[in-house]
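Start at 1 with the first residue, then count along the sequence. In this text the structure is predicted, and so the values were computed from the model without any measurement. In each ligand, atom 1 is the first atom listed, and ligand 1 is the first ligand listed.
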Amino acid sequence: MNSADKNPIEESLDPTDWEATRQLMHQMVDDAIDYTANLRTNHVWNKPPDSILNKLKTPVPIEPSEATKVYDEFKACILPYPMGNIHPRFWAWYMGNGTVSGFIGDFWASVMNPNLGGGNHSAHHVEAQVINWMKEIMEFPINSSGLLVSGGSMANFTALTVARNVKLNYDVRTEGITSKMAGKCIVYASSEVHSCNQKAMEILGLGGNSLKKITVNIDYTININALKTQIKTDRENGLFPFAVIGTSGTVNTGAIDDLNALSEICKEEDLWFHVDGAIGAIAVIAEDIKPQLTGIEKADSIALDLHKWLHMPFEAGCVLIKDPEAHKSTFSMIPEYLEKHERGIASGSNWFSEYGLQLSRRFNALKVWMSIKEHGIHKFGRMISKNVKQAKYLGQLIENHKDLELLAPIGLDIVCFRYNPGNLPIKLLNELNREIKLKIEEAGIAVIGYTTLNSLYCLRIAIANHRTINEDLDLVIDAILKFGHQEITKLKQ
Ligand SMILES: *Cc1c(COP(=O)(O)O)cnc(C)c1O
């Protein structure tokens with residue numbers, strides 16, 4: 001009999017037996033700690049079998065289940081088939097690992113469950129503090145504005161929206177993109193710019209073609225002369241350049257654009273200077289990496305991703321904007337039901353809903369606040385330095401072996417390479433390397449990333465991983481050589 005049968009008026013979603021709930025929750029915490037402490041003993045990735053996927057497919061549950069049963073199902077069907085990105089040997093795409101204080105911060109964020117749209121309550125002040133820390137780290141003036149967002153995509157989108165509204169110099173919010181401006185408002189970035197910036201251009205009504213992708217140098221950084229020439233040509237053709245996106249750590253190879261040069265161009269040309277720092281911006285906390293990022297503090301706006309190299313559990317991104325008025329006037333909208341009072345919970349001048357697209361927002365700041373307090377920023381910096389050293393170590397392993405070759409300069413913590421025993425046509429080499437990558441992940445040994453550079457399929461190892469040790473890299477190289485050799489032997493049969 002459930003509680004509804006007894007007293008429907010007093011029914012709620014709370015447990016009827018708090019003690020049983022406490023026990024179950026304790027068990028869950030124990031399991032989570034064991035799971036995290038013993039990650040290394042697990043396969044990095046396991047293919048979810050069809051039997052499991054079929055179990056997950058059910059009609060919407062109508063009647064209640066015991067919480068313990070639900071948890072058992074989680075342990076049987078969900079927990080054993082993770083993405084693997086918290087494992088020491090996951091190096092695909094570009095992800096962080098999470099932290100223990102991060103996951104418990106997320107837990108408490110859900111327990112407190114505040115809405116960070118606005119209001120005068122502790123969570124609001126914690127987010128403001130975390131944003132201030134980010135300004136301090138990035139050497140942005142303290143009166144800059146900022147917002148925690150879901151990630152780099154949303155951070156870039158937010159900054160580009162402000163840039164558009166400021167630089168187009170008419171009331172874009174009311175008038176939209178006028179026929180006079182349509183197709184003419186140009187943003188520049190290197191050809192290695194992350195795709196989310198193009199999405200932003202599309203959503204902003206500027207059109208994907210208005211993101212002009214400038215050729216890159218041999219090290220995959222933006223070609224400054226090509227950029228200057230393109231701006232000149234575009235102005236001559238009656239177009240309206242308004243922003244440049246510099247990338248500090250490209251997703252393919254970790255390349256860092258010459259941010260000082262971009263800043264100069266933007267000053268001369270009166271363009272908004274935005275930096276997509278989703279990968280590399282936070283690396284300023286590593287003393288030995290910081291010099292590579294010089295000029296980043298000159299940006300008008302920066303997109304940071306805290307769920308990447310700062311290892312916050314997903315989701316956590318941050319955008320910083322130097323001109324707080326421009327930021328607020330881009331997003332602020334205060335209907336009668338969001339008007340502020342001079343006292344009480346609805347007081348305070350800077351509600352986060354006035355700085356971005358979202359009204360209701362999660363308390364993502366808590367996990368960041370807890371993690372940074374617990375470890376201190378220097379320790380996070382050491383994790384970054386360590387990964388950069390590990391990328392160099394991996395580069396050495398590759399260069400030392402005749403059947404392996406680097407395919408791009410190592411940028412930050414990203415290594416692009418392939419298995420190449422010689423005398424194979426490109427198409428076959430591409431297939432061979434893809435097969436090696438798949439074999440290694442299907443064996444649960446490691447998850448390696450991939451990309452294609454100049455039509456060459458690359459194995460790509462991005463070591464944004466505070467748990468990786470050098471032996472993990474030895475191990476994956478051994479596996480690549482083993483599987484590579486096996487495939488070659490098969491080919492010869
Ligand atoms: C990951 C990434 C993004 C997108 O960030 P999300 O957090 O995935 O939305 C943007 N730019 C660069 C350079 C990235 O590496």
Side-chain angles (χ1 to χ4, degrees), residues 83 85 90-98 102 134 138 146-161 163 187-204 208 211 213-214 216 220-222 243-257 259 262 274-284 289 292-293 296 299 301-320 356-358 361-362 364 367-368 384 387-388 391 408 411-416 449-451 453 458 460-465:
M83 183 173 218
N85 55 300
F90 184 100
W91 304 298
W93 297 292
Y94 200 96
M95 302 200 190
N97 288 140
M134 293 304 138
M138 298 314 305
L147 187 70
L148 293 193
V149 288
S150 56
S153 304
M154 203 58 183
N156 285 312
F157 166 78
T158 305
L160 290 172
T161 310
V187 174
Y188 303 90
S190 88
S191 54
E192 293 293 296
V193 69
H194 193 277
S195 58
C196 71
N197 292 290
Q198 181 166 332
K199 273 201 204 175
M201 293 292 286
E202 293 172 8
I203 295 164
L204 287 170
L211 177 62
K213 296 182 183 169
I214 307 297
V216 289
Y220 292 96
T221 59
I222 190 167
V244 174
I245 305 170
T247 303
S248 66
T250 57
V251 65
N252 274 333
T253 70
I256 301 171
D257 289 336
L259 302 175
L262 292 181
H274 173 64
V275 173
D276 179 356
I279 286 179
I282 196 66
V284 296
I289 312 302
Q292 294 187 44
L293 292 152
I296 197 166
S301 53
I302 304 181
L304 293 113
D305 234 342
L306 311 183
H307 56 215
K308 287 184 174 170
W309 228 352
L310 203 69
H311 301 297
M312 290 303 106
F314 291 99
E315 302 167 344
C318 180
V319 61
L320 298 178
L357 196 59
Q358 286 177 277
R361 301 169 63 254
R362 182 179 162 74
N364 274 328
K367 60 193 169 198
V368 188
I384 289 173
N387 288 161
V388 171
L412 294 170
D413 54 346
I414 303 179
V415 185
C416 293
Y450 56 93
T451 191
L453 295 172
C458 308
R460 173 181 164 283
I461 290 190
I463 319 173
N465 193 318

For ligand 1, what N or O to protein N or O distances fall under 3.5 Å?
unit_1, atom_1, unit_2, atom_2, d
ligand 1, 5 (O), Gly152, N, 3.3
ligand 1, 5 (O), Ser153, N, 3.4
ligand 1, 5 (O), Asp305, OD2, 3.1
ligand 1, 7 (O), Gly152, N, 2.8
ligand 1, 7 (O), Asp305, OD1, 3.2
ligand 1, 7 (O), Asp305, OD2, 2.6
ligand 1, 7 (O), His307, NE2, 2.8
ligand 1, 9 (O), Gly152, N, 3.4
ligand 1, 9 (O), Ser153, N, 2.8
ligand 1, 9 (O), Ser153, OG, 2.6
ligand 1, 11 (N), Asp276, OD1, 3.2
ligand 1, 11 (N), Asp276, OD2, 2.7
ligand 1, 15 (O), Lys308, NZ, 2.8

What distance separates Asn197 CG from Ile245 CD1, expressed to the nearest 0.5 Å? 4.0 Å
So, do [X] and [Y] sit near enough that their side-chain heavy atoms are less than 4.5 Å apart?
| X | Y | answer |
| --- | --- | --- |
| Asp413 | Tyr94 | yes |
| Leu147 | Arg361 | yes |
| Leu320 | Met138 | yes |

Do any N or O atoms from the side chain of Asp257 and from the backbone of Thr247 form a donor-acceptor pair under 3.5 angstrom? yes
Given Asn387 and Trp309, is the side-chain hydrogen bond (donor to acceptor under 3.5 Å, both in side chains) satisfied, shown in steps? CA-CA 10 Å; Asn387 288 161; Trp309 228 352; 3.0 Å; yes
